[in-house]
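Accompanying notes for the structure given below.
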Amino acid sequence: MATDIRTEKPVMPRIARLDPLRFALAVALGALLVASIGEVTPSPERLAGALPRMGSLLDRMLPPETDPAFLGRMAMRLLETVQIALAGTFFGILVSFPLAWCGAMGLSPLGPFRWAARMVVSLFRTVPDLVWALFFVSAVGLGAVAGTLTIIVDTAGFCGRFFAEAMEDSDRQSREALDAGGARKIDILFAAVVPDCMPSFINTSLFSLELAVRSSVVLGIVGAGGIGQELKSAFELFQYPKASAIILAIFVIVLGMEQLTDWLRRRIA
Amino acid sequence: MPILNGVSLDIRQGERVALIGANGAGKSTLLRCLAGLVPLSAGDVEILGETFSGSPSARQRKALRRQLGFVFQFHGLVRRTSALSNVVNGYIGQGHGMRAWHQMLAPHTVREEARAALEAVGLGEKWDARADTLSGGQSQRVAIARAIVHKPSLIIADEPAASLDPAAGSDIMTLFHRLAGARGCTLLFTSHDMNHALSYADRVIALKAGTVMLDAASSDLTPADLEPVFHGD
């Protein structure tokens with residue numbers, strides 16, 4: 001070990017020594033990043049060429065469509081989008097709660113088999129919503145029902161994970177006290193864990209509602225109902241003023257939902 | 001490495017027993033073994049008419065819970081529910097199922113019993129206060145109310161005064177002493193405080209390194225007799 005010649009004590013390195021494996025991994029990660037940037041990011045020339053086309057597209061999108069018949073149809077589609085998000089989030093939360101309990105360490109009634117619940121939650125969460133939407137469109141046909149089923153699965157995956165983490169982090173002392181009083185696992189869940197985790201559950205649910213509104217907007221692109229279908233048609237038929245009106249409406253809906261959930265969160269905090 | 005070694009105790013109904021010892025002496029483990037919360041690696045426990053080695057069976061556990069109240073050092077209240085709900089939780093394990101999860105769900109008689117238990121610990125007026133708004137001493141009182149609400153014949157308290165200031169700690173021990181006396185139930189508590197052991201127990205058992213070092217009536221003891229328990233030989 002190196003020694004400081006003035007103090008004759010072992011040198012205290014300012015940076016921890018990098019072992020060869022970590023060094024190799026860092027180099028490999030750096031190389032992958034550089035290769036990725038070279039492969040898929042736009043070159044400055046290509047970006048420069050695209051900018052005028054983007055400007056031209058924006059020019060054709062303005063002013064947004066204001067035809068009352070179109071606006072009426074769009075409003076109905078927006079309502080359907082919000083309904084998909086609300087119903088999907090509601091049932092998704094209902095599905096996620098038992099999944100979270102079954103997967104939560106120290107609380108699960110499944111004991112060592114809690115991994116099975118964790119696997120289901122992971123499957124729901126890791127498969128992207130558009131893939132679930134394609135699956136449900138194939139299974140139940142085009143329309144809002146496929147969208148709602150997609151949001152249910154998406155919400156169950158999102159809430160299932162965060163509910164389980166909140167349950168695992170809940171106050172151990174109250175759990176132990178109820179356990180000493182003869183509580184069953186389900187008693188501990190509802191008497192101690194749920195009250196303790198309620199702010200976290202509500203926060204997670206509100207976030208999942210925000211995500212659901214955003215998701216339900218794009219699900220229509222693959223035929224799962226909502227405003228996305230109108231947006232897709234508008235672009236495919238080169239009806240750019242209609243597309244811009246839809247984009248503006250989406251912006252208002254998503255922003256409105258964010259404001260509403262922020263307000264609710266502040267009220268609950 | 002066993003935590004307790006050759007511990008053999010016989011506690012009579014209605015006795016108030018203090019279990020003292022330094023940190024790591026095995027006091028809390030002994031209490032948890034008696035309550036069936038920690039499995040025994042050897043030996044057996046005969047408590048409240050049930051005998052078990054290892055862990056109590058489900059039937060024994062149920063029978064024990066009906067007759068046992070357990071109070072922890074850090075009260076273990078559910079923070080976001082009311083004092084009344086926490087006391088109603090004391091009926092969990094008494095066959096009330098989901099009706100003991102929260103005061104809103106509880107039968108009228110259970111709510112009234114819970115209020116009476118809160119009055120017995122001096123917190124009748126605070127029945128609807130959320131547990132996380134109570135002081136440490138008040139929280140421990142609610143925990144005591146939760147432990148006694150189902151009228152157990154044995155109360156086990158693990159360092160009930162250790163997390164409180166001296167005045168609040170003495171209040172809690174006085175309350176324990178009074179309640180156990182009034183209800184004729186057995187009280188077994190652990191403490192680091194020699195004065196608590198001598199003032200509030202009929203009998204003092206001292207543990208050292210997992211073995212019983214001293215077992216005597218508190219009236220026969222002085223603080224000097226207990227010094228070696230905490231300060232070596």
Side-chain angles (χ1 to χ4, degrees), chain A residues 93-94 97-98 100-102 104-113 159 162-207 264-269, chain B residues 28 31-32 34-38 56 58 60-82 85-103 105-106 130-132 139 142-143 146-150 152 156-158 163:
Chain A
I93 289 168
L94 289 187
F97 187 80
W101 180 39
C102 289
M105 193 164 53
L107 291 163
S108 172
L110 302 182
F113 299 104
C159 289
F162 289 103
F163 284 3
E165 283 180 3
M167 288 177 184
E168 286 170 0
D169 291 341
S170 64
D171 182 36
R172 282 179 186 279
Q173 286 162 0
S174 57
R175 282 155 48 183
E176 189 185 21
L178 294 188
D179 186 33
R184 301 161 298 167
K185 283 185 184 292
I186 195 164
D187 296 324
I188 291 173
L189 176 73
F190 283 104
V193 176
V194 168
D196 200 36
C197 296
M198 195 48 84
S200 169
F201 288 168
I202 292 172
N203 259 329
T204 303
S205 302
L206 291 174
F207 273 124
L264 284 171
R265 260 192 287 274
R266 279 197 302 274
R267 298 268 301 175
I268 292 158
Chain B
S28 297
L31 294 191
R32 283 168 165 74
L34 294 176
L37 298 173
V38 172
Q60 288 177 317
R61 199 181 294 267
K62 209 169 176 179
L64 276 182
R65 299 296 179 260
R66 286 184 190 277
Q67 303 178 70
L68 179 76
F70 206 117
V71 177
F72 292 85
Q73 178 181 348
F74 296 105
H75 53 76
L77 298 184
V78 181
R79 294 173 295 197
R80 293 179 53 83
T81 60
S82 66
S85 274
N86 272 283
V87 180
V88 165
N89 289 162
Y91 278 98
I92 285 179
Q94 310 301 316
H96 284 82
M98 63 180 287
R99 301 198 74 183
W101 290 349
H102 195 277
Q103 60 91 9
L105 306 170
R130 240 171 69 159
D132 55 5
S139 297
V142 175
R146 179 176 62 188
I148 62 165
V149 70
H150 62 286
I156 293 180
D158 188 9
S163 61

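Chain letters run A, B, ... following the sequence lines, proteins first and then strands; every chain starts at 1. Side chains are part of it too, since the values below use all heavy atoms of this structure and drop only hydrogens, waters and symmetry mates.
With rounding to the nearest 0.5 angstrom, the CD atom of A:Glu176 is 7.5 Å from the CZ atom of B:Phe70. Atom CZ of B:Phe72 sits about 10.5 Å away from atom OG of A:Ser174, to the nearest 0.5 Å.
Contacts of B:Arg146 with chain A are made by side-chain atoms alone, with heavy-atom separations under 4.5 Å and no backbone atom involved. Only the backbone of B:Leu77 comes within contact range of chain A, with at least one heavy atom under 4.5 Å from a heavy atom of that chain. Neither the backbone nor the side chain of A:Ile188 comes within contact range of chain B; no heavy atoms are under 4.5 Å apart.
In terms of modelled atom types and a separation under 3.5 Å, the side chain of B:Arg61 and the main chain of A:Gly182 share no donor-acceptor contact.
Here the side chains of A:Leu178 and B:Trp101 are not in contact, with every heavy-atom distance at 4.5 Å or above. For the pair B:Arg80/A:Pro199, a side-chain contact is recorded, criterion being any heavy-atom separation below 4.5 Å from C-beta on. B:Met98 is not listed as a side-chain neighbour of A:Phe190, based on a closest heavy-atom distance of 4.5 Å or more.
Checked for salt-bridge contact, A:Asp196 and B:Arg79 meet the test: a charged N lies under 4.0 Å from a carboxylate O.
Across every non-hydrogen atom of A:Ala177 and B:Gly76, the tightest pair is CB-O, 3.6 Å. Of all non-hydrogen atoms in B:Ile92 and A:Ala191, the two that sit nearest each other are CD1-CB, 3.7 Å.
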